[in-house]
Participant: 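Got a structure for you, questions after.
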There are 2 protein chains.
Amino acid sequence: MATIHDVAKMAKVSVTTVSRVLNNRGYISETTRNKVFQTMKELNYQPNELARSLLRKQSNVIGLIIPNVAHPFFAELASHVERYAYENGYKIMLCNSHLDPVKEKEYIDMLKRNRVDGIIMGSHTLEVKEYKELHSPIVTIDRQISEEIPFISSDNYEGGRLAAQLLVDKGCRKIAHICGNLELQLLANQRTAAFRDVMAENEIEPIIIQTDMNVFDEQQYEQIMSRLFAEHPEIDGLFATSDIIASFAVKECRKADKHIPEQIKIVGYDDVSAANWITPSLTTIRQPIAEIGRVAVDSIIRQMNNEPLEHRYVLEVELVERLTT
Amino acid sequence: MATIHDVAKMAKVSVTTVSRVLNNRGYISETTRNKVFQTMKELNYQPNELARSLLRKQSNVIGLIIPNVAHPFFAELASHVERYAYENGYKIMLCNSHLDPVKEKEYIDMLKRNRVDGIIMGSHTLEVKEYKELHSPIVTIDRQISEEIPFISSDNYEGGRLAAQLLVDKGCRKIAHICGNLELQLLANQRTAAFRDVMAENEIEPIIIQTDMNVFDEQQYEQIMSRLFAEHPEIDGLFATSDIIASFAVKECRKADKHIPEQIKIVGYDDVSAANWITPSLTTIRQPIAEIGRVAVDSIIRQMNNEPLEHRYVLEVELVERLTT
DNA sequence: TTGTACGCGTTATCAA
DNA sequence: TTGATAACGCGTACAA
C-alpha cells in the first residue's frame, strides 16, 4: 500500500507538499497540485488514518456498546447511530456486551486502547464508579449514571402512563405488566412506576412480572407467558415492556384461544419495525429511536469539541394504536 | 492518557523494559516485572493500539459492510460476526451501505484508509472489477465475485427446493414465490431457480413476483402482498425469500380472511428469530447464520496469515416446519 | 537482564 | 511556493 513518501517521490516533490495538497493547507501552485493528485490516483493512494489519528490524537471512531445488535431495538439504534456518525465523518466500532459485566469492562478498555473519541453506552452492568472513572466523552442510553455523564432516554414515565391508561380506558380491569429486571438502575423502570400509579388511581390490583432480561431469552418469554395465563386466566389487559415480549404474548393468546383485542388487549413498547410485522399488528409506545441515535452521536461530538451540551435528554414518546387494543 | 514513557519514568526503567513486560517478550526479572505492572495499574495505562497498529501494520479490525443492521438477517449476522471476531482478538467496524453504490465505495475506501485487516462484504452493488482491485483480504456473503475471492453462502438451491417441494407435498397447486431483484448477481437467486424447477417437475404454473429489495421497504411489501392476493385469489401456497416478507404475507392473509395453513400455506426463508415471534410461527428454511459469521471471520484471518483456505463455502440449510404449513 | 536508537506514516513548525 | 525535520506512541535490533 502506497505511502505519502511514494507519492512524493513519484511526483518529485517533498512529502510536505503532498500533505499540503491532501489537506488543502497553505499555498500550492496549480501545477504541483494537479501533479500530486495525478500520482495519488495512479498509485491509488489512501492516506493512513492510523498515522493521522496518532498524531492528531483523534481517531474519529465512536464505540457503541449495546447488549446485542440482534435485538431489534438495538439493531435499529445501531443503524441510526451509524448513519449519523457517518454523516459527521465518524466510524462505529460495534460491541455486544451480552450484559456480561466482564465483557463490558473489557470492551471499554479495548475502546480506550484504540483511542476512540467517545463511547455510547447502551449496556449498563458496571458500578457507577467505573463509568465515572472513564475520563472519555461518553453518553448513556436509558440510564442516569451521575450528574456529569449525559444521558439520553425517552420519557419512560409518560410511556408507561400512556400504555396503562389506554388499557384502562378501553375497559380492561385485570391488567398485567411484564417488565425487565428492576434491580438494574434503568430509566425504563419508570414505565413500571407509571403503570403502578395508573393502576392505583383506578383501583386496579396490578399484576407485575419481572423478567430476567439478562439475556434476551426467548424461551424465557414463552415460559413466562404460559405461566402468566395459567395463573391468571382472567387477564384482559397486558402491557409488555418491549414489542418482542408483546409478540410472545400475542402468540400465547393464540394458543390459549383468547381473542385479541376482544378478550384481551396488548400494548408493547419501542415500536420497532417488528411491531408491524406481526399479526395482529401491535399497539405500542413509540420511542424515537432515530432521534436517540442522533442525539447520542451529537452529544459525543459536542463533548469532544467542548461545546455546550445538555446533560439530560428526555425525548417524547407517542402512543401508536394498531390492532391489539 | 498515560504513555509508555510515563510508565517507564515512574517505574524508573526504560521504555523497552515496559514494552517487554507488556508483550511478555525476552527476559525480565520478577522484580521489575512486578514494579512495571504496578505502575501500569497506578497510571491506568492503556497501550495505544493506534501506534501499535501503525508499527505492526496490522490493526486487528475487520470491516463489515452490509445493507442495513436494522434488517434481522444482517443484525443476527453482525452479532455473530462480532462475537467470533472478538473471540479472536478482532474488532468490528460497522458499515451500512443501504445498497447505495456510492456509499459502498466510500465505505470500502474508508476501511482501507483505516487499514482494516479485512472486509466482510454482505452488500454487493459494485462492478466485479472494483472488488477485484481491492487487494485486501475480503470475503463475500452470498455472492460469487470471481474465482479468487472467497465467498460464503448457504445452499440456496437446496433451500428453494425444500421450500417448493414442501408446498407441493402438502397439496398446494397454486403456488406463488416472492423473490428479490434477480438482476443483481446474488446466489440467493438460486432459490428462485429451484422453485421453478420443482414447479416444472410437478407441472404447476409458477407465479413469481420480484421485489425491488433495493431498500428493505416494508410499505412495498404490503403493497405487493395485497396486489398478489387481489390478482390471484386462488393461491394456496407461498414461498417468500425472507421471513420478513413472509410475515407480511401472513398479515395480508389475516386481512383477506384466508386461513393459514388450511387455505394457504406459507414458507419463509432465513429462520431469523422473528420467524418465531410472529403468529402463527413461520415454517421457514433455516440458514446457519452463526456458522456463516464464523466462517467469514475465519476466512479473513486465514487470508491475513496466508493460511490455506477454501474459496467456496456452501453451508447446509434446513427445513424448519412450524405452523404456517 | 536492561537500555539506546531507529522507524512505522503523518502533520506541524520553521526555514529557504 | 516549497522542503527538511521533529514528533505522535510503540516495538525491535543491537549494544551494554
Side-chain angles (χ1 to χ4, degrees), chain A residues 1-40 43-61 89 109-117 136, chain B residues 1-40 43-61 89 109-117 136:
Chain A
M1 179 132 291
T3 77
I4 199 171
H5 286 95
D6 300 328
V7 177
K9 189 178 295 180
M10 176 167 279
K12 298 193 201 306
V13 294
S14 75
V15 292
T16 313
T17 306
V18 179
S19 177
R20 278 208 187 89
V21 341
L22 200 58
N23 298 286
N24 202 21
R25 262 194 255 296
Y27 296 106
I28 343 141
S29 71
E30 238 358 86
T31 336
T32 29
R33 177 195 298 278
N34 289 333
K35 193 172 51 182
V36 171
F37 269 132
Q38 173 71 26
T39 40
M40 292 203 311
L43 292 172
N44 191 20
Y45 168 69
Q46 303 280 5
N48 188 330
E49 287 293 336
L50 294 160
R52 289 181 142 182
S53 300
L54 181 59
L55 197 56
R56 297 194 331 241
K57 296 173 181 317
Q58 223 206 77
S59 61
N60 279 32
V61 175
D109 288 343
M110 181 275 274
L111 291 173
K112 295 190 85 166
R113 287 196 297 276
N114 282 275
R115 298 301 190 265
V116 299
D117 293 335
S136 152
Chain B
M1 179 130 293
T3 77
I4 201 171
H5 287 95
D6 301 327
V7 178
K9 189 177 294 178
M10 175 167 279
K12 298 193 203 309
V13 294
S14 76
V15 293
T16 314
T17 305
V18 179
S19 176
R20 279 210 187 87
V21 342
L22 201 56
N23 299 286
N24 202 21
R25 260 194 255 295
Y27 297 107
I28 345 142
S29 71
E30 246 346 274
T31 336
T32 26
R33 178 195 298 277
N34 290 333
K35 193 170 54 183
V36 170
F37 270 132
Q38 173 71 26
T39 40
M40 294 202 311
L43 291 172
N44 191 20
Y45 169 68
Q46 303 280 5
N48 187 328
E49 287 292 336
L50 294 156
R52 290 181 140 183
S53 301
L54 182 58
L55 197 57
R56 298 195 331 242
K57 298 178 180 311
Q58 222 206 80
S59 61
N60 280 30
V61 175
D109 287 344
M110 181 275 274
L111 291 173
K112 296 191 85 166
R113 285 196 298 275
N114 283 273
R115 298 299 189 263
V116 299
D117 293 335
S136 152

Participant: Taking only residues two or more places apart in sequence, or in another chain, which ones meet B:R33 in a salt bridge (charged side-chain N to carboxylate O under 4.0 Å, His left out)?
Facilitator: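 Once residues adjacent in sequence are excluded, the partners of B:R33 under the salt bridge (charged side-chain N to carboxylate O under 4.0 Å, His left out) criterion are B:E30.
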Participant: Would you please name every residue forming a side chain to side chain donor-acceptor pair (under 3.5 Å) with B:N114, sequence neighbours left out?
Facilitator: A:K91
Participant: Is there a donor-acceptor contact under 3.5 Å linking the side chains of B:T17 and B:S14?
Facilitator: yes
Participant: When the nearest nucleotide of DNA chain C is assigned to B:T17 and to B:K57 on a heavy-atom basis, which residue is associated with the more 5' position?
Facilitator: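 Residue closer to the 5' terminus by nearest nucleotide: B:T17.
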Participant: B:S19 pairs by side chain to side chain contact (heavy atoms under 4.5 Å, CB included) with which of B:N23, B:V15, B:T16?
Facilitator: B:N23
Participant: List, one per line, each side-chain donor-acceptor pair under 3.5 Å for residues 1-10 of chain A, sequence neighbours excluded.
Facilitator:
residue : atom : partner : partner atom : Å
A:T3    : OG1  : A:H5    : N            : 3.0
A:T3    : OG1  : A:D6    : N            : 3.4
A:D6    : OD2  : A:T3    : N            : 2.8

Participant: Give the minimum heavy-atom separation between B:V116 and B:S59, together with the two atoms involved.
Facilitator: CA-OG, 3.5 Å
Participant: Rounded at 0.5 Å granularity, tell me how far OG1 in A:T32 sits from CZ in A:F37.
Facilitator: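 Separation between the atoms: 11.0 Å.
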Participant: How would you label the contact of B:S19 with the nucleic acid (heavy atoms, under 4.0 Å): base, sugar-phosphate, or nothing?
Facilitator: base
Participant: Give me the first and last nucleotide of DNA chain C, going 5' to 3', that has any atom under 4.0 Å from a heavy atom of chain B.
Facilitator: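 Using the under 4.0 Å cut-off, the span is C:dT1 to C:dG9.
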Participant: Between which nucleotides of DNA chain D, read 5' to 3', does contact with chain A run, using atoms under 4.0 Å from its heavy atoms?
Facilitator: D:dT1 to D:dG9
Participant: Looking at residues 28-39 of chain A, who's got a heavy atom less than 4.0 Å off DNA chain C?
Facilitator: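 Within residues 28-39 of chain A, no residue comes under 4.0 Å of DNA chain C.
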Participant: Quick check: closest heavy atoms across A:T39 and A:A11, and the distance to 0.1 Å?
Facilitator: OG1-CB, 3.5 Å
Participant: Look up atom NZ in A:K35 and atom CD1 in A:I28, then write down how far apart they are to the nearest 0.5 Å.
Facilitator: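 With rounding to 0.5 Å, NZ (A:K35) is 12.0 Å from CD1 (A:I28).
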Participant: Quick one: label A:R56 by what it contacts on the DNA or RNA (base, sugar-phosphate, nothing), any heavy atom closer than 4.0 Å.
Facilitator: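 Since no nucleic acid heavy atom lies under 4.0 Å of A:R56, the category is nothing.
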Participant: Among residues 5-16 of chain A, which contact DNA chain C at a heavy-atom distance under 4.0 Å?
Facilitator: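 DNA chain C contact set from residues 5-16 of chain A: A:H5, A:T16.
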Participant: Quick check on DNA chain C: between A:T3 and B:L55, whose nearest nucleotide comes earlier from the 5' end?
Facilitator: B:L55
Participant: List the residues meeting salt bridge (charged side-chain N to carboxylate O under 4.0 Å, His left out) with B:D109, not counting sequence neighbours, and say none if there are none.
Facilitator: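 In terms of salt bridge (charged side-chain N to carboxylate O under 4.0 Å, His left out), with neighbours along the sequence ignored, B:D109 is linked to B:K105.
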Participant: B:V36 versus B:R20: any side-chain heavy-atom pair under 4.5 Å?
Facilitator: no
Participant: Mind checking what makes side chain to side chain donor-acceptor pair (under 3.5 Å) contact with B:Q38, not counting sequence neighbours?
Facilitator: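 If we apply the side chain to side chain donor-acceptor pair (under 3.5 Å) test to B:Q38, skipping adjacent residues, the hits are B:E42.
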Participant: Given axes from five pairs at either end, by how many degrees does the helix from C:dT1-D:dA16 to C:dA16-D:dT1 bend, rounded to 10°?
Facilitator: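 About 50°, once rounded to a multiple of 10°.
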Participant: By side-chain contact (heavy atoms from CB on, under 4.5 Å), which residues pair with A:L54, not counting sequence neighbours?
Facilitator: B:N48, B:A51, B:L54
Participant: Check salt bridge (charged side-chain N to carboxylate O under 4.0 Å, His left out) between A:R52 and all other residues, then give those that pass, not counting sequence neighbours.
Facilitator: A:E49
Participant: Starting at CD of B:Q58, measure out to CZ of B:R115 and round the result to the nearest 0.5 Å.
Facilitator: 14.0 Å
